[in-house]
Amino acid sequence: MVHRVGLRFSARGERAACLAIDGDGRITVEAWSFERGHADVRRVDTATAVVVPAQVIPAEDGRIVLLRPGSGTHEVTVMTPSDSGGHIEHRVATVRAEGVRAFPSPDPAVPAMLVSCADGRTVIRRLTDQGLEPIVGLPGTITKECRLTPDGRLLAANHIVDGERRAVALDLTNGVVTPFAHDAGTVLLSSPATGEVLVAVDTPDGVKLGWLTPGDAHARLPGELNDIEGVVLPLAVDPAGDRLALKVTDGARSRLLIHERRTGRVREQPIPPGVIGFASAWTEDALRFGYSTPTHPSGVLAVDPPGTAAEWADGHDTPGTLPWGDARLERFDGPAGTMEAVVYGPDWRQSEHVLIALHGGPEAAWELSFDPTLQRFARAGISVIAPNQRGSTGYGAAHRAAIVDRWGGPDLADVRHLLATVDTARHYPRHPAPMLFGASYGAFLALLAAAADPPMWSSCVVVGPFLSGSRLYADGSPAVRSLLDRLGGRTDLDDDLDDDLGPRDLLRLCPRIQAPLMVIHGEQDDVVPVEHSRALARRLAAHRRFVYREITGGKHYPLNGRGGGALLDEVVDFLTGTRIGTHGEPVRSSPLHADPAGHRESPRAKAPR
């Protein structure tokens with residue numbers, strides 16, 4: 001199993017690079033080449049370990065630039081192909097800055113360009129054989145730099161100074177910065193062949209997509225481009241500048257649309273059900289983009305826009321030979337309408353083991369893509385229902401904003417309603433009660449659900465839970481506090497919620513939980529402090545079937561880290577009752593205490609009032 005992150009294409013799209021994470025959390029660099037019309041994928045050994053979020057940038061000549069983040073510094077390394085088929089690695093420089101990112105260059109002599117921000121000023125540097133050469137410096141920050149000319153000497157970007165955003169052109173030959181029209185909007189991508197820029201423009205009717213040429217007074221807003229239903233993200237422009245590829249989020253899956261600019265026509269390009277990633281490139285022979293389906297860990301999908309051909313490339317197996325089960329989309333009735341869920345494994349109506357999995361975020365959603373955790377559950381014979389309850393993205397503004405200032409309110413009501421639906425359809429007591437799984441915000445929500453309907457769950461596993469929004473705000477990082485402020489995460493719930501839980505504080509509510517409970521937390525979690533789970537463990541010391549697993553060196557989701565495969569096996573055993581811990585004492589990175597236990601009987605679940 002390989003999970004890929006950070007996929008990037010070279011400037012002309014003939015090469016790509018990414019980080020590959022295997023099933024035990026080991027991370028390597030991958031180099032991709034499409035020069036012979038098919039994907040040639042090779043692992044690249046590095047002298048020292050690579051960790052996420054390192055950046056990898058492919059150059060047109062086969063070199064790979066590796067940007068390793070540190071504490072206030074970023075190490076720049078170049079890996080050059082050798083005659084033996086491997087790569088020779090050498091460190092080029094260390095950049096001291098708050099944030100550094102790299103983007104590909106079309107110049108064969110320049111493997112990458114670097115953008116760094118320090119002390120309120122942005123510097124763009126050219127990476128050469130001699131090192132880093134500063135070429136542009138300007139106040140504020142820039143984002144979304146993209147080529148306006150094929151040679152990359154002129155860039156379009158967003159320039160942000162004192163909170164004000166302007167679309168600008170950057171001349172890398174002389175460092176001149178030229179603003180576009182005052183209302184140009186936000187730069188999204190460009191067409192080097194025509195010198196045009198696709199921008200997002202705020203209008204009285206909402207945000208619109210439009211084309212802008214430097215010097216124009218206003219952007220052109222094609223009607224057909226702005227009549228598309230769903231969340232639209234531009235991917236790439238073809239080499240001639242005549243066609244625009246668009247990703248459209250349709251609930252838990254993606255659609256690919258092609259906008260023919262000459263005729264104004266928008267048509268759908270057939271692709272397998274799945275999810276399009278953020279990286280893309282359009283060359284003379286194909287449009288390629290990062291893609292994932294339930295049965296395929298992330299790879300690259302190549303399509304021929306004039307026809308209907310789609311070729312999958314993942315560097316390993318071909319479709320139909322992978323050992324992963326497929327997933328499907330189902331809709332469930334909820335207290336405020338229907339909600340969509342990604343469903344893995346056998347029919348949940350007949351399955352012995354059913355698990356409801358809750359996603360993190362909360363500004364996120366389950367997608368119809370490869371998920372190693374849910375796949376592992378399905379391989380164990382568990383039917384997995386992963387709902388996109390209220391608060392999830394991809395289903396419109398009202399669905400997403402339903403939990404603003406109401407964390408653990410409407411979304412918990414949806415989960416409880418789903419529990420009642422599943423229980424009724426499965427005709428308990430013929431089958432055991434459902435199980436619960438959640439990570440981060442999903443862990444918080446899962447523990448609320450376990451406390452709300454104590455006898456209705458057979459077991460529960462959570463990863464990286466927080467105790468309450470207000471407690472997380474007090475202990476969290478500036479980024480976490482910003483999210484809580486934006487989504488109203490520390491607001492006390494109104495009294496109009498029709499349940500008897502009261503304030504959503506797990507230290508107060510966790511004694512209500514009856515199901516066997518496993519709490520997992522990474523010792524070095526930089527999102528939710530590990531002390532939240534430690535406090536939960538102390539509170540649950542008298543819970544007979546409680547296991548606390550603190551993972552030494554673990555990050556926010558240790559199931560994807562080093563040793564994650566073995567840890568996930570323990571989770572499966574715990575959920576299905578193969579092994580259930582009996583000690584109430586916290587257990588730090590040690591094997592579970594075995595104790596055979598079956599599923600107890602419980603009355604039929606009732607829908608929340």
Side-chain angles (χ1 to χ4, degrees), residues 5-6 51-54 69-72 74 97-101 117 141 143 160 163 357-366 373 388-394 400-412 437-449 462-493 503-510 519-539 548-561:
V5 297
V51 298
V52 176
S71 179
H74 294 74
E98 302 160 13
V100 180
R101 68 180 183 279
C117 182
T141 60
T143 64
I160 306 169
L358 305 178
H359 65 71
E363 205 170 39
W366 292 113
T373 301
N388 284 331
Q389 67 279 349
R390 279 177 286 178
S392 305
T393 57
R400 182 182 67 249
I403 66 166
V404 172
D405 295 326
R406 295 162 69 86
W407 284 24
D411 48 358
L412 178 60
F437 175 83
S440 193
Y441 183 88
F444 169 71
L445 188 59
L447 291 173
L448 289 179
V462 294
V463 182
F466 58 89
L467 297 172
S468 70
S470 59
R471 293 179 188 271
L472 182 58
Y473 192 88
D475 302 332
S477 67
V480 170
R481 291 184 181 186
S482 177
L483 182 141
L484 284 157
D485 283 334
R486 183 165 52 83
L487 298 181
R490 57 188 180 127
T491 302
D492 290 334
L493 292 179
R504 272 43 173 174
D505 188 319
L506 290 174
L507 281 187
R508 186 181 67 85
L509 293 171
C510 67
V519 176
I520 300 170
H521 213 122
E523 179 194 26
Q524 297 182 13
D525 190 336
D526 57 358
V527 178
V528 178
V530 68
E531 181 55 38
H532 282 233
S533 284
R534 291 174 180 173
L536 195 65
R538 291 191 292 268
R539 189 76 171 90
Y548 174 51
R549 298 281 276 115
E550 186 172 306
I551 309 305
T552 302
K555 301 297 185 179
H556 187 50
Y557 192 69
L559 293 181
N560 279 352

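Computed from heavy atoms alone, side chains included, the values below leave out hydrogens, waters and symmetry copies.
- The backbone N or O of Gln389 sits less than 3.5 Å from a side-chain atom of Ser392, completing a donor-acceptor pair.
- Interatomic distance, Ser468 OG to Leu507 CG, rounded to the nearest 0.5 Å: 8.0 Å.
- Pairing each heavy atom of Pro410 with each of Ala402, the nearest pair is CG-O, 3.5 Å.
- Taking both residues in full, the closest heavy atoms of Leu536 and Pro465 are given as CD2-CG, 4.4 Å, listed atom of the first, atom of the second, then distance.
- Under the 4.0 Å criterion applied to side-chain N and carboxylate O atoms, Glu523 and Arg534 are not assigned as salt-bridge partners.
- Evaluation of the side chain to side chain donor-acceptor pair (under 3.5 Å) rule for Arg481 yields no partner, not counting sequence neighbours.
- Remark: Gln524 pairs with Lys555 by the side-chain contact (heavy atoms from CB on, under 4.5 Å) rule, at least two apart or across chains.
- Asp475 is linked by a side chain to side chain donor-acceptor pair (under 3.5 Å) to His532, counting only residues two or more places apart in sequence or in another chain.
- With sequence neighbours excluded, the residues satisfying side-chain contact (heavy atoms from CB on, under 4.5 Å) with Val404 are Ala401, Leu487.
- Considering all non-hydrogen atoms of both residues, Ala364 and His359 come closest at O-CE1, 3.3 Å.
- Rounding to the nearest 0.5 Å places CG of Leu472 at 9.0 Å from CG of Leu467.
- Contact check for Cys510 versus Leu447: no side-chain heavy atoms found under the 4.5 Å cut-off.
- The CD1 atom of Ile403 sits 10.0 Å away from the CZ atom of Arg390 when rounded to the nearest 0.5 Å.
- Residues passing the side chain to side chain donor-acceptor pair (under 3.5 Å) test with His556, sequence neighbours excluded: Ser440, Asp525.
- A side-chain donor-acceptor contact under 3.5 Å links Trp366 to the backbone of Ala357.
- Residues passing the salt bridge (charged side-chain N to carboxylate O under 4.0 Å, His left out) test with Arg471, sequence neighbours excluded: Asp505.
- Rounding to the nearest 0.5 angstrom, the gap separating the OG1 atom in Thr491 from the CH2 atom in Trp407 is 9.5 Å.
- Remark: Asp485 engages Arg490 in a salt bridge (charged side-chain N to carboxylate O under 4.0 Å, His left out) (not counting sequence neighbours).
- The minimum heavy-atom distance linking Ala446 with Val462 is given by the pair CB-CG1, 3.9 Å.
- Between Val528 and Gly464, the shortest heavy-atom distance links the atoms CG2-O, 3.8 Å.
- For the side-chain contact (heavy atoms from CB on, under 4.5 Å) test, residues two or more places apart in sequence or in another chain that qualify with Pro503 are Arg508.
- Taking the side-chain contact (heavy atoms from CB on, under 4.5 Å) definition, one finds that Ala439 meets it with Val463, Tyr557, sequence neighbours left out.
- The salt bridge (charged side-chain N to carboxylate O under 4.0 Å, His left out) check on Arg539 picks up nothing, with sequence neighbours excluded.
- Looking only at side-chain heavy atoms (C-beta outward), Leu483 and Tyr441 stay at 4.5 Å or farther from each other.
- Contact between Arg406 and Asp411 at its shortest, heavy atoms only, is O-OD1, 4.3 Å.
- With sequence neighbours excluded, no residue forms a side chain to side chain donor-acceptor pair (under 3.5 Å) with Ser477.
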